[in-house]
2 protein chains.
Amino acid sequence: MQDTKERIIELADRLIRTRGFNAFSYKDISDPLEIKNAAVHYYFPSKTDLGIAVINQEIEKLAINKLYWATFPENEQLQFFFDVFYQRSKQGYICLMGSLSPDYETLSAAMQEKVQHMSEDVLEWVTLCLENGRKKQLFHFEGDAYNRALLVVSNMISSLLLARVTGKEVFEKISNQLLKDLL
Amino acid sequence: MQDTKERIIELADRLIRTRGFNAFSYKDISDPLEIKNAAVHYYFPSKTDLGIAVINQEIEKLAINKLYWATFPENEQLQFFFDVFYQRSKQGYICLMGSLSPDYETLSAAMQEKVQHMSEDVLEWVTLCLENGRKKQLFHFEGDAYNRALLVVSNMISSLLLARVTGKEVFEKISNQLLKDLL
DNA sequence: AAATTTACTTACTTGTAGGTAAGTAAGCAA
DNA sequence: TTGCTTACTTACCTACAAGTAAGTAAATTT
């Protein structure tokens with residue numbers, strides 16, 4: 001039953017996005033899955049191990065998406081990217097970066113490294129997407145593509161945060177404004 | 001010694017910004033101040049009371065700043081606003097919104113309300129600042145001022161988050177890009 | 001001078017956190 | 001069929017979380 005391991009990661013992912021890494025316990029995982037907390041420790045000896053598994057899964061998901069999106073023009077690629085966040089906003093979830101970066105100082109060195117890795121991955125992809133899109137005249141913006149990518153990523157992260165507090169319509173308002181500025 | 005109460009709020013504020021609301025305990029406050037944890041409960045019976053006090057202080061600080069800034073032209077007002085965040089980024093602190101919104105679902109109803117209040121306050125001010133600044137031709141942007149304010153606030157929040165993970169230079173890159181787009 | 005309030009401390013409680021050691025039933029491998 | 005591995009459970013531990021009840025010394029009010 002490798003199934004259990006995947007269900008633990010799945011639930012941990014949801015808990016990190018909804019409550020935060022420091023606000024869920026092994027009990028929050030073992031109870032709904034109807035196993036004992038020691039069973040969670042069996043697969044993930046420490047909470048750090050579990051956190052890392054969740055981040056790794058996210059990094060892999062991005063890698064798969066990147067491959068799939070690569071066949072489309074850059075403006076559509078960026079739209080796909082936004083859609084990932086849009087789906088999350090509808091569920092009331094935030095993204096891993098938005099959840100883990102506030103807790104950054106409380107995370108183990110190993111988790112901090114993974115969080116860094118993930119953010120670099122995302123920023124690198126958005127930078128390339130914007131850069132290539134501009135060359136093809138699909139995007140129009142001034143300045144360094146990396147700086148523009150920072151703006152895009154930054155807005156994705158915190159529009160999910162704001163959406164939770166001030167209402168879900170906020171996400172669409174921010175992403176529409178962002179796109180208008182770029183196209 | 002009303003002093004103790006203020007020092008508790010001060011330290012709680014720092015802990016919320018550095019570690020997160022769910023990642024500090026009364027011990028983290030009582031130890032450095034060399035008092036007992038019950039002394040913290042004396043001033044703030046529950047953790048929620050303490051959280052609310054911290055948010056209230058922030059709302060008051062903004063109110064004072066708003067009054068002071070009002071005598072300046074809007075582009076300078078916005079620069080002052082950015083500077084508040086810039087100072088935080090240099091300290092490695094994040095803002096209250098960036099810290100409390102990921103934990104939003106785990107907060108008491110009373111704290112959730114306060115967080116909402118704070119975010120509405122900030123958004124209202126930035127919206128007015130942008131709107132008035134545009135009328136005076138100090139800002140140049142397309143679309144609704146509120147949507148643009150969302151973008152500005154959203155970037156302030158998450159540039160502090162990103163700065164923590166990918167380096168402090170990120171804050172300046174984002175805010176410079178933002179200002180360039182507006183001026 | 002007596003009563004009350006302020007600003008705490010002492011000493012506790014209950015609950016839960018993350019984690020571990022030892023056991024076990026079922027499956028598979030030699 | 002014996003032994004090893006997998007996938008857990010049982011039963012526990014230590015640490016600490018938030019919170020409280022009762023006490024107290026000093027200051028303030030009446």
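Lettering follows sequence order; numbering is per chain, from 1.
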Got a sec: does the NZ of B/K66 have more than 12 other heavy atoms crowding it under 6.0 Å?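 Enclosed.
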
Would you find more than 12 non-hydrogen atoms of other residues, nucleotides or ligands less than 6.0 Å from B/E76 atom CD? yes

What are the residues of residues 17-41 of chain B, sorted by number, that bring a heavy atom to within less than 4.0 Å of DNA chain D? B/F24, B/S25, B/Y26, B/K27, B/N37, B/A38, B/H41

Could you check which residues of residues 99-109 of chain B get a heavy atom under 4.0 Å from DNA chain D? Sort them by number, please.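 By residue number: none to list.
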
Measuring to OP1 and OP2 of [N], would you say a side-chain N or O of [X] lies under 4.0 angstrom away?
X	N	answer
B/Y42	C/dA7	yes
B/T4	C/dA7	no
A/S46	C/dG18	no

Pairing donors with acceptors under 3.5 angstrom, does anything connect the side chains of A/N155 and A/S175? no

Is the shortest side-chain N to carboxylate O distance from A/K114 to A/E58 below 4.0 Å?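 Salt bridge between A/K114 and A/E58, a charged N being under 4.0 Å from a carboxylate O: no.
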
Does B/K136 pair with B/E74 as a salt bridge, N-O distance under 4.0 Å? yes

Pair A/F80 and A/F72, ring centroids less than 6.0 Å apart: yes

What is the distance, rounded to the nearest whole Å, between atom [atom1] of [X] and atom [atom2] of [N]?
X	N	atom1	atom2	value
A/R7	D/dA7	CZ	P	14 Å
B/K47	D/dG19	NZ	P	8 Å
A/F44	D/dA7	CZ	C1'	14 Å

Is B/I59 reachable from B/F21 through a run of hydrophobic residues whose side-chain heavy atoms are each under 4.5 Å from the next?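 Result: yes, single cluster for both.
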
Report the C-alpha distance between A/R148 and B/D181 in whole Å, list the side-chain angles of each, state the deciding distance to 0.1 Å, and finish with yes or no for salt bridge (Lys or Arg N to Asp or Glu O under 4.0 Å). CA-CA 11 Å; A/R148 188 60 53 170; B/D181 290 355; 2.9 Å; yes

